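Written out below as structure tokens is the structure these notes cover.
Here the structure is a predicted model, which means the values were calculated and not measured.
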Amino acid sequence: MGFFTLALAGVGFMLIGTWESLLSSSPISKPDHSPDGTGTEPGRKYPYSSPLTFFSIALLSFFFICNSLYSLIDAVNSKDRVGWPLQLQVLAIAFLFLMYAVIGLLMKFTDSIPLPSSFLNLIAFFAFAEEFLLFYLQKKDTVGIENRYFDMMLVPITICLFSTVLELRSPKSNLPRLGRAIGLILQGTWFLQMGLSFFSNWVAQGCSLHEKSRGNYTVRCKGHPEYHRGRAIATLQFNCHLAFLVVLVVAVFSMVSRKHGGQEGFVQYGPIGVETQSLNLTGQFSLDSDDEDDEEIKGGASVEKQKPAAIEMTVNGHGSHQ
């Protein structure tokens, strides 16, 4: 592939993921309904996607198709029996993402394809699943440290795959889109890291690149110490990428929360003193009413006690008079 191919792929994934994360962090806009109430207007069947996202995916997929065709021809000319089947797998994945983008654009602007929005997520699910199998089964050389980089690539692909499944269940939620955007950003940074680690001077000490064809290469080390050091460096690099992404997501989330904190859809908090004051007033009213009731009861009891005493005095008075 070369450094240019992996770097361009990484930048493309990062841009698409960043754009999707910004869209998913904004407040959800409700779909427009037609005046007769029959449903959404033409071109609004998938309101939670952006035409720029579909166009970028189509452009990046077309680039992968052209690159894979060129690598396929190079593998055939080099008589590489492993290189050309590998490029066929890449072509299948690129065509799936291209179909996803084209159908998304058609559903966004026209009514020529009357399909539900979940159909797009189903295509994305199969594309990510095939990409997962590509990196999981790509063990061209068992002693090459590139296998460790391919294993680390399974983490962001799994995030995208799981987020797509969640979006199939909850298409109106922004959280699955945000998770998939984070997975795309991590894929992009890791593609860029692979380009630097394989095709530049940043390769692990004691290891070197061996190419059988343009798309079939391996990174071999001199001995076991260099091999284990190269795998450890790959793990450390991935941990750094993951930590950087976590810090970036937390920073962006805090800024978005501060920006949209007072808008509709977020929890509105009232002053604490108002609630306390209302509770105090209610408590005072209940206590006052109870005291008044007690005084009335005591007053009634004292009156009733005085009545027999007065009667007794009257009776005694009449008795003495007689």
Donor-acceptor under 3.5 Å (N77 side chain, I73 main chain): yes
D80 side chain vs A75 backbone, donor-acceptor pair below 3.5 Å: no
Which value, rounded to the nearest 0.5 Å, describes the distance between L192 atom CG and L8 atom CG? 10.5 Å
Between L72 and L88, does a side chain to side chain contact (heavy atoms under 4.5 Å, CB included) hold up when you go through it step by step? CA-CA 8 Å; L72 178 63; L88 291 178; 4.2 Å; yes
Just by distance, no angles: are the side chains of S173 and E167 close enough, under 3.5 Å, to form a donor-acceptor pair? no
What is the minimum heavy-atom distance between L60 and A9, and which atoms define it? CD1-CA, 4.4 Å
Do we see a donor-acceptor contact under 3.5 Å between the side chains of R177 and S163? no
Does some side-chain heavy atom of W190 sit less than 4.5 Å from a side-chain heavy atom of M152? yes
Kindly indicate whether the side chain of L175, heavy atoms from C-beta on, has any atom under 4.5 Å from the side chain of L166. no
Cluster link L59 to L96, ILVMFWY, side chain under 4.5 Å: no
Is any side-chain heavy atom of I159 less than 4.5 Å from a side-chain heavy atom of Q187? no
Would you call the rings of H224 and Y227 parallel, tilted or perpendicular if under 30° counts as parallel and over 60° as perpendicular? perpendicular
N239 side chain to T235 backbone, donor-acceptor under 3.5 Å: yes
Contact between F62 and C66 at the side-chain level, heavy atoms closer than 4.5 Å - yes or no? yes
Can you tell me how far the CZ atom of R81 sits from the NZ atom of K212, to the nearest 0.5 Å? 11.5 Å
Roughly how far, to the nearest 0.5 Å, is the NZ atom of K108 from the OG atom of S50? 7.0 Å
Do V249 and I157 share a hydrophobic cluster, counting only Ile, Leu, Val, Met, Phe, Trp and Tyr and linking them when any side-chain heavy atoms are less than 4.5 Å apart? yes
Give a yes or no on this: more than 12 heavy atoms of other residues, nucleotides or ligands lie within 6.0 Å of atom CZ of F63. yes
Nearest heavy-atom approach of V90 to S68 is CG1-OG, 3.0 Å
Rounded to the nearest 0.5 Å, what's the gap from CG on N216 to NE2 on H210? Could you check? 12.5 Å
Hey, are S56 and W19 close enough side-chain-wise for a donor-acceptor pair under 3.5 Å? no
May I ask you to test the L154-E131 pair for a side-chain heavy-atom distance under 4.5 Å? no
Is there side-chain contact between C160 and L184, with at least one heavy-atom pair below 4.5 Å? yes
Out of curiosity, does F128 fall in the hydrophobic cluster containing M14 (side-chain heavy atoms, cut-off under 4.5 Å, transitive links)? no
Would you confirm whether Q89, through its side chain, and L86, through its main-chain N or O, come within 3.5 Å as a donor-acceptor pair? no
Measure the shortest side-chain to side-chain distance between F150 and N147 over non-hydrogen atoms and say whether it is less than 4.5 angstrom. yes
Pairwise distance CG(L52) to CG(L23) - rounded to 0.5 angstrom: 8.5 Å
N121 and T164: which non-hydrogen atoms are nearest, and at how many Å? O-CG2, 3.2 Å
For residues P176 and S170, report the shortest heavy-atom separation together with the two atoms involved. CG-O, 4.3 Å
Between I93 and the options L133, I65, L98, L134, the side-chain contact (heavy atoms from CB on, under 4.5 Å) test singles out L134
Could you go through the side chain to side chain contact (heavy atoms under 4.5 Å, CB included) check for L209 and V203 one step at a time? CA-CA 8 Å; L209 179 68; V203 66; over 6 Å; no
Does any part of the side chain of F238, heavy atoms only, come nearer than 4.5 Å to the side chain of M153, both counted from C-beta? no
Does one hydrophobic cluster hold both V143 and L137, with members joined at side-chain heavy-atom distances below 4.5 Å? no
Heavy-atom closest pair, residues I145 and A204: CD1-CB, 4.5 Å
Residue pair F97, F64: steps toward the side chain to side chain contact (heavy atoms under 4.5 Å, CB included) verdict: CA-CA 10 Å; F97 280 112; F64 270 104; over 6 Å; no
If you round to the nearest 0.5 Å, how far is OG1 of T18 from CD of E20? 10.5 Å
With Y149 as reference, evaluate F191, F135, F198 under the ring pair (Phe, Tyr, Trp, His ring centres under 6.0 Å) test and give the passing residue. F198
If you compare all heavy atoms of F54 against all heavy atoms of L120, which two are closest, and at what distance to 0.1 Å? CZ-CD1, 4.0 Å
State plainly whether one hydrophobic cluster holds both I182 and V250, where clusters connect Ile, Leu, Val, Met, Phe, Trp and Tyr through side-chain heavy atoms under 4.5 angstrom apart. no
Side chain to side chain contact (heavy atoms under 4.5 Å, CB included) between I185 and R180, intermediate numbers included: CA-CA 9 Å; I185 295 174; R180 187 168 57 192; over 6 Å; no
